[in-house]
Amino acid sequence: MQHCGTQTIHTPRLLLRPFAQEDRCSMLENWIADPLIQHEYGEPVYQTEAQVQKLLGQWIRQYQQPDFYRWAIIEAETNSCIGQIAFCRVYSDEATAEIEYCIGRSRWGRGYANEALSAIIDFAFEKSGFVRLEAYHRAENLKSGRVLQKSRMRVTDTVLRFVRAGEEPHGEVCYCIERE
């Protein structure tokens, strides 16, 4: 499996790039301190700059690993970190990655999550050795569901996360896309 790590990606309205310590204030302002956002994708709430600084330190160190993929979603117009998108699980032995994403509530409904997801799909299939990308959302998370429904991904029975755990998805809707 050929890995290339997190690389900067430009879209019409976004800059997807590795996180930097300078992102902590806009992260706190836009999404990482919001209990609703963090709950929707199963992450803890970070309330202080010190907490975010520590998290960013971990992510920044992980950028040295070629199989680490996590992007800050920067709104080009404001140069503000409005969310994140990542391959939260990488299965090198099967050339598959699982995608997670979040966008701050003040930016919902503008198509930013779809724009970032489309760019990440293109990146994965053009720049790396991935042959399959997967994602899922809890059935009650309708906003995340709409993002995946509008994407090029298609509904599938399960994803590797559940297969490897010997579990069936219960209350989750699974999606995938494969390299053509």
Side-chain angles (χ1 to χ4, degrees), residues 5-49 51-53 55-56 59-60 63 68-89 97-128 130 133-156 159 171-177:
T6 307
Q7 297 180 15
T8 300
I9 302 168
H10 296 270
T11 74
R13 300 177 300 157
L14 303 172
L15 172 64
L16 308 177
R17 61 153 172 78
F19 279 93
Q21 284 292 347
E22 295 75 31
D23 295 322
R24 63 185 177 272
C25 289
S26 59
M27 289 169 66
L28 281 163
E29 178 183 327
N30 291 315
W31 57 278
I32 206 162
D34 186 331
L36 176 66
I37 299 295
Q38 294 301 93
H39 170 76
E40 289 298 336
Y41 80 110
E43 294 294 327
V45 174
Y46 295 86
Q47 298 179 333
T48 67
E49 275 194 55
Q51 290 172 324
V52 177
Q53 183 175 6
L55 176 66
L56 285 171
W59 288 349
I60 290 166
Y63 286 127
F68 183 72
Y69 300 89
R70 183 171 301 273
W71 292 267
I73 300 175
I74 307 299
E75 184 179 46
E77 182 180 320
T78 63
N79 199 35
S80 183
C81 181
I82 61 168
Q84 68 97 20
I85 190 164
F87 295 162
C88 58
R89 292 179 186 248
E98 180 183 315
I99 301 170
E100 71 175 8
Y101 53 86
C102 74
I103 297 286
R105 276 197 264 186
S106 67
R107 304 311 198 283
W108 284 359
R110 298 184 190 180
Y112 287 146
N114 288 97
E115 189 171 324
L117 179 58
S118 182
I120 295 306
I121 290 170
D122 290 343
F123 167 84
F125 293 150
E126 293 171 9
K127 304 279 186 185
S128 74
F130 288 108
L133 299 175
E134 300 177 332
Y136 73 92
H137 69 90
R138 290 188 312 281
E140 66 270 8
N141 186 347
L142 300 177
K143 289 186 184 333
S144 188
R146 280 194 290 278
V147 170
L148 292 170
Q149 289 164 5
K150 290 178 183 179
S151 78
R152 292 175 277 162
M153 300 180 89
R154 62 177 168 74
V155 174
T156 188
V159 293
E172 293 91 9
V173 182
C174 301
Y175 287 78
C176 73
I177 186 170

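Here the structure is a predicted model, which is why all the values come from computation and not from measurement. Numbering of residues begins at 1 and proceeds along the displayed sequence.
A20 is linked by a side-chain contact (heavy atoms from CB on, under 4.5 Å) to R17, E22, D23, counting only residues two or more places apart in sequence or in another chain. For the side-chain contact (heavy atoms from CB on, under 4.5 Å) test, residues two or more places apart in sequence or in another chain that qualify with R146 are L142, K143, Q149.
Closest approach of R70 and E100 over heavy atoms only: NH1-OE2, 3.1 Å. Heavy-atom minimum distance, C174 versus V159: CB-CG1, 3.8 Å. Scanning all heavy atoms of the two residues, the minimum distance from T11 to A119 falls at CG2-CB, 3.6 Å. Shortest non-hydrogen contact noted between Y101 and A113 is CD1-CB, 4.4 Å. Residues A135 and M153 come closest through the heavy atom pair N-CE, 3.8 Å. When every heavy atom of S26 is checked against every heavy atom of C81, the shortest pair comes out as OG-N, 3.1 Å.
In terms of modelled atom types and a separation under 3.5 Å, the side chain of Y63 and the main chain of F19 share a donor-acceptor contact. A distance-only check finds no donor-acceptor pair linking the side chain of W71 to the backbone of T6 [under 3.5 Å]. Between the side chain of S128 and the backbone N or O of A124 there is at least one donor-acceptor pair closer than 3.5 Å. At least one donor-acceptor pair closer than 3.5 Å links the side chain of Q38 to the backbone N or O of P44. Using modelled atom types, no side-chain atom of R105 and backbone atom of L36 make a donor-acceptor pair closer than 3.5 Å. Within the 3.5 Å criterion, the main-chain N or O of G111 finds no donor-acceptor partner in the side chain of E115. Of the possible donor and acceptor atoms, one in the side chain of R138 sits under 3.5 Å from a partner among the backbone N and O of E40.
A distance of 5.5 Å separates CE in M27 from CG in L55, rounded to the nearest 0.5 Å. Distance check, rounded to the nearest 0.5 Å: CD1 of I177 to CD of E134 gives 12.0 Å. Summarising the geometry, atom CD1 belonging to I85 is positioned 7.5 Å from atom CD1 belonging to I103; distances are rounded to the nearest 0.5 Å. One distance of note links NZ of K127 with CD1 of I120; it measures 12.0 Å at 0.5 Å rounding. Expressed to the nearest 0.5 Å, how far OG of S80 lies from CD of E29 amounts to 5.5 Å. One finds the CD1 atom of I73 at 11.0 Å from the CG atom of N30 (value rounded to the nearest 0.5 Å).
Side-chain contact between P18 and I60 is absent, with no heavy-atom pair separated by less than 4.5 Å. Contact annotation: the side chain of V147 never approaches that of H137 to less than 4.5 Å [non-hydrogen atoms, C-beta and beyond]. At least one side-chain heavy atom of I82 sits less than 4.5 Å from a side-chain heavy atom of L14. For the pair V173 and L148, the minimum side-chain heavy-atom distance is 4.5 Å or more. Counting heavy atoms from C-beta outward, Q53 and Q21 have side chains that approach closer than 4.5 Å. Counting heavy atoms from C-beta on, the side chains of R110 and E75 come closer than 4.5 Å. Side-chain contact between F125 and L133 is present, with at least one heavy-atom pair separated by less than 4.5 Å. Here the side chains of R107 and W31 are not in contact, with every heavy-atom distance at 4.5 Å or above.
The one candidate from F68, F130, F123 that meets the ring pair (Phe, Tyr, Trp, His ring centres under 6.0 Å) condition with F87 is F130.
No more than 12 heavy-atom neighbours from other residues, nucleotides or ligands sit within 6.0 angstrom of CD on E77.
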